[in-house]
Amino acid sequence: MNVKLPHIPKRAEKPREEGVTMMMDKGLSVREAEDFCDASADFTDMVKFGFGTAVITKQLEKKLDIYRSAGLRCYFGGTLFEAFVARGKYKEFLRFLDKYDMDLAEVSDGSIVLPHDEKLKYIEDLAKRGTVLSEVGSKEQGILISPAKWIKMMTTELEAGAWKVIAEGTKRGYAQRFMRAPVGAEVCG
């Protein structure tokens, strides 16, 4: 802090379990990744390569090195997981994670139809390999999930091995992300 002000809560030290902050890399250049780390790595815990951008990101390994050197955990977003699963290529997804030494993975079903029991199996499997974030909700406008169902889905995903659950909803076609978990669970956000 450049100035001491009263009533500013002290932030937990890394690695954090509460107040976890994720930055979504939607295609930053290597220079932009370096600049982000210089300005904000102290306030950030994770970097998500969103929307499947890891498939087309130039110099992906170099960007991963930049983020990791700054103490940030990296992962590929759930849309990439969905792209592999929708094509019946889950084993290839695991190889892709291994290729880039990912210990963090996101499981979502916001763009595809995936039975919840099947989603739980993916969470369980990935949790044996590392840390799992799961996402509940849909990117598609007009899909409504009752609060009771959201809580049940979040609870079962945490029980299956998810570390944190991301609740996703849509407003005017834009995904709104809220890092929340059911009552009694760790809250990320």
Side-chain angles (χ1 to χ4, degrees), residues 14-17 19-112 114 119 122-123 125-140 157 161-170 173-181 188-189:
K14 288 184 182 182
R16 289 183 265 271
E17 286 291 320
V20 176
T21 302
M22 175 271 289
M23 182 276 284
M24 189 180 315
D25 182 327
K26 301 176 186 175
L28 298 179
S29 69
V30 167
R31 174 61 55 108
E32 289 170 319
E34 291 169 337
D35 289 344
F36 173 83
C37 289
D38 181 55
S40 302
D42 292 345
F43 309 106
T44 307
D45 301 284
M46 301 176 293
V47 174
K48 172 180 177 172
F49 287 81
F51 310 114
T53 57
V55 172
I56 60 168
T57 295
K58 292 181 179 180
Q59 303 183 64
L60 179 58
E61 289 183 31
K62 186 170 185 175
K63 284 176 65 175
L64 289 168
D65 288 343
I66 290 165
Y67 291 134
R68 289 172 174 158
S69 293
L72 305 175
R73 292 180 76 188
C74 300
Y75 68 102
F76 304 136
T79 302
L80 185 63
F81 162 81
E82 292 178 44
F84 276 90
V85 169
R87 290 163 177 79
K89 302 286 185 184
Y90 179 66
K91 288 183 181 177
E92 288 82 353
F93 175 71
L94 297 177
R95 285 195 283 277
F96 192 69
L97 294 179
D98 289 343
K99 178 180 179 180
Y100 293 102
D101 198 28
M102 291 293 177
D103 70 331
L104 186 58
E106 183 178 310
V107 175
S108 66
D109 58 355
S111 300
I112 63 171
L114 182 64
K119 183 180 180 187
Y122 286 119
I123 293 169
D125 186 57
L126 286 163
K128 293 174 190 169
R129 303 167 51 88
T131 305
V132 177
L133 294 164
S134 67
E135 187 174 271
V136 172
S138 178
K139 289 176 175 51
E140 191 173 325
E157 292 181 19
W163 170 57
K164 303 284 184 188
V165 175
I166 302 163
E168 176 164 358
T170 303
Y174 297 100
Q176 302 293 315
R177 296 182 186 277
F178 304 94
M179 303 295 262
R180 298 184 191 231
C188 180

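Everything quoted here is computed from the prediction, not taken from an experiment. Residue indices begin at 1 and follow the sequence shown.
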By side chain to side chain contact (heavy atoms under 4.5 Å, CB included) - contacts of Ala54 (at least two apart): Phe49, Leu60, Phe76, Leu80, Phe96
Sequence neighbours excluded - salt bridge (Lys or Arg N to Asp or Glu O under 4.0 Å) pairs with any residue from residues 51-62: none
To the nearest 0.5 Å, how far apart are CE in Met102 and OG1 in Thr131? 12.5 Å
Quick check: does any side chain N or O of Glu82 sit under 3.5 Å from a backbone N or O of Ser111, one acting as donor and the other as acceptor? yes
Gap separating the CE atom of Met46 from the CD atom of Glu106, nearest 0.5 angstrom: 9.0 Å
Residues forming a salt bridge (charged side-chain N to carboxylate O under 4.0 Å, His left out) with Asp103, sequence neighbours excluded: Arg73
Side chain to side chain contact (heavy atoms under 4.5 Å, CB included) partners of Phe43, counting only residues at least two apart: Arg11
Which donor-acceptor pairs under 3.5 Å do side chains of residues 85-94 form with protein atoms, sequence neighbours excluded?
residue: Arg87; atom: NH1; partner: Ala83; partner atom: O; Å: 2.9
residue: Tyr90; atom: OH; partner: Asp125; partner atom: OD2; Å: 2.6

Backbone N or O of Ile66 within a donor-acceptor pair of the Ser69 side chain at under 3.5 Å? no
Just how far is it from atom CZ of Arg68 to atom OH of Tyr100, taken to the nearest 0.5 Å? 10.5 Å
Roughly how far, to the nearest 0.5 Å, is the NZ atom of Lys48 from the NZ atom of Lys26? 10.0 Å
Name the one of Asp65, Leu104, Asp25, Leu64 that satisfies side-chain contact (heavy atoms from CB on, under 4.5 Å) with Cys74? Leu64
Please assess Val20 against Trp163 for the test side chain to side chain contact (heavy atoms under 4.5 Å, CB included), listing each intermediate value before the final yes or no. CA-CA 12 Å; Val20 176; Trp163 170 57; 4.1 Å; yes
Working to the nearest 0.5 Å, report the span between NZ of Lys119 and CG of Leu114. 7.5 Å
Over all atoms of both residues, closest heavy-atom pair of Gly137 and Asp109: O-OD1, 4.0 Å
Please report the interatomic distance CZ(Phe81) to CD1(Ile112), rounded to the nearest 0.5 Å. 6.5 Å
Return the set of residues passing side chain to side chain contact (heavy atoms under 4.5 Å, CB included) with Ala127 (not counting sequence neighbours), or none when no residue passes. Val132
